[in-house]
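Remarks on the structure that follows.
Letters A, B, ... are given to chains in the order of the sequence lines, protein chains preceding strands, and every chain is numbered from 1.
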Amino acid sequence: MARISSIIGVSILLFILYIAYTGAITPMDLILGAIASVIIASFTADLVVEKAGKLVNIKRWCYTIAYAILYLTVIEAKAHWDVVKRILHPKVPVNPSIVRIPYEVESDYAKTTIANSITNTPGTVVVDVDDKRKVFYVHWIDAKVVEDEKARKEVSFTFEKYAKKIFD
Amino acid sequence: MIWDIVGWIGVALIVLGAIMDLIASIGMHRFRNFYLRLHAATVGMIGGAFYPLIGLGLLSLSLEYLGITRYYIAGISFVSALFVLLTAPVGSHVLARAAHRAGIKPEPINVDRLQEDIGKGVMEE
Amino acid sequence: MEKRLICLGVCITVTAFILAFALIYTGIVPLAPTGNRPLATIFLESTFNAEKWWIWAGSPEVVTSILWDYRGIDTVYETTVFFLAIIGAITVVRTMKLLPETSGKGRGLTVIAKTITKITFATIPIIAFSIAVHGHLTPGGGFQAGSAFAVAPLLVIAALSLRLLVERGWGKERLLALRTTGLILIGIIAIIVPILAILRHSIAYIMQNQAKLWAPAGLSAVVDLLGVKSLLSGTLFWLNLSEFLAVSAGLSLVFVLLAAPTKNFDKEVKTQ
Amino acid sequence: MIKDIVWIYYYASLILITFMSIYGIAVRPNLLKKIIMLSILSDTANMLAVLLGYHILSPKPPVYPGGTFSTTQFPSQEQLSTFAKYAVDPIPQVLVVTAIVIGLAVLVFLSFVAVLIYRRYGTLDMRVVSKKARHEVK
């Protein structure tokens, strides 16, 4: 039962992706897309989805959209501006460190969201991750603080707040 | 009218992407070690690939004379942008991890917690 | 040493420019042409021109229609060459058994790479399928879609493990069977129009798609689904689909075999 | 004038890449690097073929007349003639599609041969491999 519901959820997502990629809604496209997404979901669903119930939770989707808008406009712009200033400055001022950043989320998707958000902002790159001790090792171009908790507040506080709401 | 504005936003994003690419390549040249260059590469990846792809989608949506083809171009642009957003950070992360494991020292550096933890034996290699 | 290298570089660059000048001013290659050759114009005007029904291919994608409709036999031989290469590759490792127990430890990369690879493993096939079924409408087609599809198992091998792939049934035998199915389907589609023509007491060529003036048989180019007419371009759609199946299975097979660990090879290298 | 210079630059850069890849094939001892250079060479040849079919386009991109996805009416002869004036020559692209497949076939087979050589001799350095092979014959 869990398997069937996860297949249905994944195939709906794949169908939306197919239609977005194709850019046409003729009946032929709809039929072919439905068939293909069900077939592909049947052999990938158990890899992709852990709990199918999370897929249909409206609140999580709302948080996803809010996070996407916030991240793609404000946070990215700030980080880009910072690194661009450093590149164009005549002395190239850098103050790099590899800092430990602990996290408290459980699911794989939440961890990945935090790590990708950290890496996608210029200025911070996740170098390694330890699953048992729940820390990221982050190369930070301007390490103002090197203590774990303070660095966490500087780098990944917002990401973690939203990742917890979306995926945990 | 509204589509004109959308088209100009698209053009602006594409121009911004070109500038970001230029700055990223300057940064690749000016930064002095591998890990710092990854930050410049991120500028080129998000500012120089993700935003221009979104801009291309918006621009093609606003061009009336493309007919039904414009939805096709826009769909491909948006899906590609989504995939860039998903996969580019993984590439950076895997490269950085491989470099650190291969023993490339991140010089200059203040504090290297990863090296410390490997030295203590807490973090398994 | 440095000076010599710089000299060599300058010499090669100058030679390249001189050769480019020579190529252009002897008229071998064109300099900034502004129009098409007559043959190109003929192709561009005839592949989707319903007024010239006696040579039209029923597809707005000119490259696909030239490839599968006007020069179909050539494409069949090209496909043959590609699959002969895969057969040669399999022959090199012919005694190898690929079992889950002998295909590596399966540790993989970090959790971040694993999660994203799982997502791409689910989404690449649907994109590739979209490229394949629109091969007769937009740039792309069966081979391109198959190459795109084969990236999915490659990523899984790199980020997760070969073992997971083999456990999930992407073994040697099954991929080989899928590839063979695709090839057989291409063969069947190549001769289906002549068979239909013989049944109707008319004539048709092998690999024919639309009705020609001297061979009035063919599959219909337009399909009517729920009142909306969609292009199917006769055999082109089905050829793209079966080529997609064959190429994706063949390339996945190549990647799986290339990633197989050393242990499996050892015995047979010694026997050769 | 500027158009001509750009065009000469295209051809010259392609010829330069050809030289460099031939240098790599001839001089580099590592078999893997030879294979990479061979694929670069075949890609350059394909690029040259596509460039031969290219010509100066109209200010607007040519749009195919008639609906592409759902067909209500087929384009007329005049629309197609206008389109054919501005569109790019398709024949080199067809040849390149074929050439890419053949190149991929060669690449697949060569990579398997490289794997086999590595299993047998433990190295991909062709100098060492040829020395070892000569030793075996004796």
Can you check whether [X] reaches [Y] side chain to side chain, under 4.5 Å on heavy atoms?
| X | Y | value |
| --- | --- | --- |
| C:Ile126 | A:Phe15 | no |
| A:Thr119 | C:Ile112 | no |
| A:Met28 | C:Val133 | no |
| A:Tyr21 | C:Thr123 | no |

Check each atom of [X] against the heavy atoms of chain C and say whether the ones under 4.5 Å are side chain, backbone, both or neither.
| X | result |
| --- | --- |
| A:Val126 | side chain |
| A:Asp131 | side chain |
| A:Ile40 | side chain |
| A:Ile31 | side chain |
| A:Leu32 | both |

| remark: What one should report as the nearest heavy-atom pair of A:Leu14 and C:Ala122 is CD2-O, 3.5 Å

Is it the case that over 12 heavy atoms from other parts of the model lie below 6.0 angstrom from the [atom1] atom of [X]?
| X | atom1 | answer |
| --- | --- | --- |
| A:Ile4 | CD1 | no |
| A:Ile25 | CD1 | no |
| A:Arg60 | CZ | yes |
| C:Trp56 | CH2 | yes |
| A:Arg3 | CZ | no |
| A:Lys153 | NZ | no |

| query | How far does CG of A:Leu47 sit from CZ of C:Arg168, to the nearest 0.5 angstrom? | reply | 4.0 Å

| query | At what distance, to the nearest 0.5 angstrom, does OH of A:Tyr109 lie from CD1 of C:Ile119? | reply | 4.5 Å

| said: Classify the ring geometry of C:Phe121 against A:Phe43: parallel below 30°, tilted from 30° to 60°, perpendicular beyond 60°. | reply: perpendicular

| field | Between C:Gly169, C:Ala113, C:Ser130, the one whose heavy-atom pairs under 4.5 Å with chain A are most numerous | value | C:Ser130

| A:Ala45, A:Pro27, A:Ala115, A:Gly33: which one forms the most heavy-atom pairs within less than 4.5 Å of chain C? | A:Pro27

